[in-house]
Protein chains: 2
Amino acid sequence: MAKQNIDRAFNREAQYAAKRRAVIRSAAAAFRRRGYHNTSMVLIAKSLGLSKAALYYYVKSKEEILYECHMMIYDAMDAAVKSVRGKGDTGLGKLQLLYGGFANLLTRDGLGLLADVDSLKGEFQATVLKRRGAIERAVTRIVKQGMGDGSIRKADAKVTVFFLMGALNWLNVWYEPGGRLSGEHIAEAFVEQMSAGIKT
Amino acid sequence: MAKQNIDRAFNREAQYAAKRRAVIRSAAAAFRRRGYHNTSMVLIAKSLGLSKAALYYYVKSKEEILYECHMMIYDAMDAAVKSVRGKGDTGLGKLQLLYGGFANLLTRDGLGLLADVDSLKGEFQATVLKRRGAIERAVTRIVKQGMGDGSIRKADAKVTVFFLMGALNWLNVWYEPGGRLSGEHIAEAFVEQMSAGIKT
DNA sequence: AAATAATTCGACCAGTAAGTCAATATAGGG
DNA sequence: CCCTATATTGACTTACTGGTCGAATTATTT
């Protein structure tokens, strides 16, 4: 029954991983609503029907949870960047796809850009900043491509990108799932306003 | 010498008020850099060459400091709103003036939009949210005016406004005074991108 | 059913930071 | 030069919360 055993073990592992993800996701939602420091471990635990001690069976520290929250969103954004490779004939077209994808992540998929980078220390913070930088650089590259092919108006690329990323970030603060505005609606409006703001 | 006494007393009062303001301003800068919860009262005190206990001679609590930080920026924004009354012939023109004014507050004047509203409780939080709502409503009013007079493309006003406010808010995260980009430069670029994004 | 491994918990520990207070230093006014 | 009000402090208290640990409980294997 070696095969069975392996299956079982695999299943257990998967179960563990799933629960760990649940912890991260639940914490992420709480962090987004109340902020990192206003969310205690007991609260995260209780919202999952667990005790605080049980939480530490799945994560090493609160900081690690925050770190994983960041990784989650950056994984998704990296995937979005990758998915527009080759697509879109102009820089602007590519950026439209990517920006819409980002907006969808933040609304439809319930992921949030956490701003609490300062609460992370050492290696954790360095990694998060590195990945954020990578995203910004990817967007900047596309913007510059657009400026090169004439689809995007020439301007300071850094300012342009930060302007656009800021609008996205603010979504966390005001967007409420299930409200009057659907995620798709917002994504569409954002892409339109973004495009109009930067195209030639 | 009653007059003298009154003058002196007034001077003392002014001195007190000035020092109190200094506490708020210094704390605001620290909050913006490190975040509210990562900034201890001792740190605020030491950066002013005081002990923590002395701080409590000027403020009632840390929360009050955060509250006053918010009031400071909202006072400035209210003033900016007031200052564009009557100016600008179209909605777009008025919004350009206001948006540039906001950008200047955040860069040149070193004021920052604090996002830590969740760390405020009860009446404090209610007041801050009320004032933030008032600013958003003022901006929305101008946007709608612009949609009415044909200077601004018709769209969902709420989304439009939040998009623009988000870009402003993100300034706090990435803008560094004394860097390559001057406040004026950024304000100009923001106004241009904002205008292009929403005009007809 | 016994033995073993995976989960979960109550109770506790330790560090941190806000806030208090009695005591002290400083500065003008008489 | 004293006296009063203002300004400042060191030492202390208090409350919270992240994190640990051994025991208990539950699931799994043999």
Side-chain angles (χ1 to χ4, degrees), chain A residues 1-24 26-27 30-31 34-69 116 118-122 124, chain B residues 1-23 26-27 30-31 34-69 116 118-121 124:
Chain A
M1 313 272 151
K3 182 74 183 336
Q4 283 260 347
N5 283 347
I6 290 168
D7 281 2
R8 293 287 166 96
F10 187 78
N11 195 27
R12 265 205 310 275
E13 238 177 275
Q15 208 76 17
Y16 178 88
K19 272 200 174 176
R20 191 186 137 93
R21 260 197 309 277
V23 169
I24 311 284
S26 176
F31 289 167
R34 285 191 243 293
Y36 177 68
H37 287 282
N38 301 317
T39 306
S40 70
M41 290 297 271
V42 271
L43 194 127
I44 297 173
K46 271 202 279 194
S47 81
L48 288 161
L50 287 176
S51 75
K52 179 177 59 161
L55 235 53
Y56 284 88
Y57 184 66
Y58 296 100
V59 296
K60 234 179 81 61
S61 68
K62 190 185 180 187
E63 198 184 346
E64 193 193 67
I65 297 183
L66 182 58
Y67 174 75
E68 293 291 356
C69 289
D116 269 305
D118 302 304
S119 303
L120 255 24
K121 305 191 201 310
F124 277 159
Chain B
M1 311 274 148
K3 183 74 183 334
Q4 284 259 349
N5 283 348
I6 290 168
D7 281 1
R8 294 287 163 94
F10 186 80
N11 195 28
R12 266 202 310 274
E13 237 178 276
Q15 208 76 15
Y16 178 89
K19 272 199 173 176
R20 190 184 139 94
R21 260 196 309 276
V23 169
S26 176
F31 288 166
R34 284 190 245 292
Y36 177 68
H37 287 282
N38 301 317
T39 306
S40 70
M41 290 297 270
V42 270
L43 194 129
I44 298 172
K46 269 202 280 196
S47 80
L48 288 161
L50 286 176
S51 74
K52 178 176 62 159
L55 236 52
Y56 284 88
Y57 184 67
Y58 296 101
V59 297
K60 234 177 82 61
S61 69
K62 190 185 181 187
E63 199 185 344
E64 192 194 68
I65 297 183
L66 181 57
Y67 174 75
E68 293 291 356
C69 289
D116 269 307
D118 303 302
S119 303
L120 255 23
K121 303 190 202 312
F124 277 159

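Throughout, protein chains are lettered first and strands after them, A, B, ... in sequence-line order, and every chain is numbered starting at 1. Below, all heavy atoms of this structure are taken into account, side chains as well, without hydrogens, waters or symmetry copies.
Residue B:Lys19 places at least one side-chain N or O closer than 4.0 Å to OP1 or OP2 of D:dT8. The side chain of A:Tyr57 contributes an N or O atom lying less than 4.0 Å from OP1 or OP2 of C:dT7. Under 4.0 angstrom from either OP1 or OP2 of C:dT8 there lies at least one side-chain N or O belonging to A:Tyr58.
Within the 4.5 Å cutoff, no side-chain heavy atoms of A:Ile24 are placed close to those of A:Tyr58.
Going from atom NE2 of B:His37 over to atom P of C:dA18 covers 10 Å, rounded to whole Å. The CG atom of A:Leu50 sits 17 Å away from the P atom of D:dG19 (whole-angstrom rounding). For the pair B:Asn38 CG and C:dG15 P, the computed distance is 20 Å after rounding to whole Å. A:Leu55 has its CG atom 14 Å from the P atom of C:dG10, to the nearest Å. Rounded to an integer number of Å, the gap from CD of A:Glu13 to P of D:dT28 is 15 Å. Distance A:Lys121 NZ to C:dT16 P: 11 Å, rounded to the nearest Å. Distance A:Tyr36 OH to D:dT17 P: 13 Å, rounded to the nearest Å. Between B:Tyr16 atom OH and C:dT26 atom P there is a gap of 21 Å when expressed in whole angstrom units.
Listed candidates were D:dT20, D:dA7, D:dG19. Nearest to the side chain of A:Ala53 is D:dT20. Checked against C:dA6, C:dA18, C:dC9, the side chain of B:Lys62 finds its nearest nucleotide in C:dA18. In the set C:dG19, D:dT20, C:dA6, C:dG19 carries the atom at the smallest distance from any side-chain atom of B:Tyr56.
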Original post:
Do A:Met41 and A:Ile65 pass the side-chain contact (heavy atoms from CB on, under 4.5 Å) test, and can you show the C-alpha distance, the side-chain angles, and the key distance before you say yes or no?
Top reply: CA-CA 10 Å; A:Met41 290 297 271; A:Ile65 297 183; 4.0 Å; yes
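The shortest heavy-atom contact between B:Asp118 and A:Gly35 is OD2-N, 4.4 Å.
Under a 4.0 Å N-O distance rule, the pair A:Glu64/A:Arg20 qualifies as a salt bridge.
B:Ser40 comes within 4.0 angstrom of the backbone, heavy atoms only, and of no base.
For C:dG19, its base sits under 3.5 Å from the side chain of B:Lys52 at one donor and acceptor pair at least.
By the 6.0 Å and 45° rule, B:Lys62 stacks over the aromatic ring of B:Tyr36.
Mapping A:Glu63 and B:Gly49 onto DNA chain D by nearest heavy atom places B:Gly49 closer to the 5' end of the strand.
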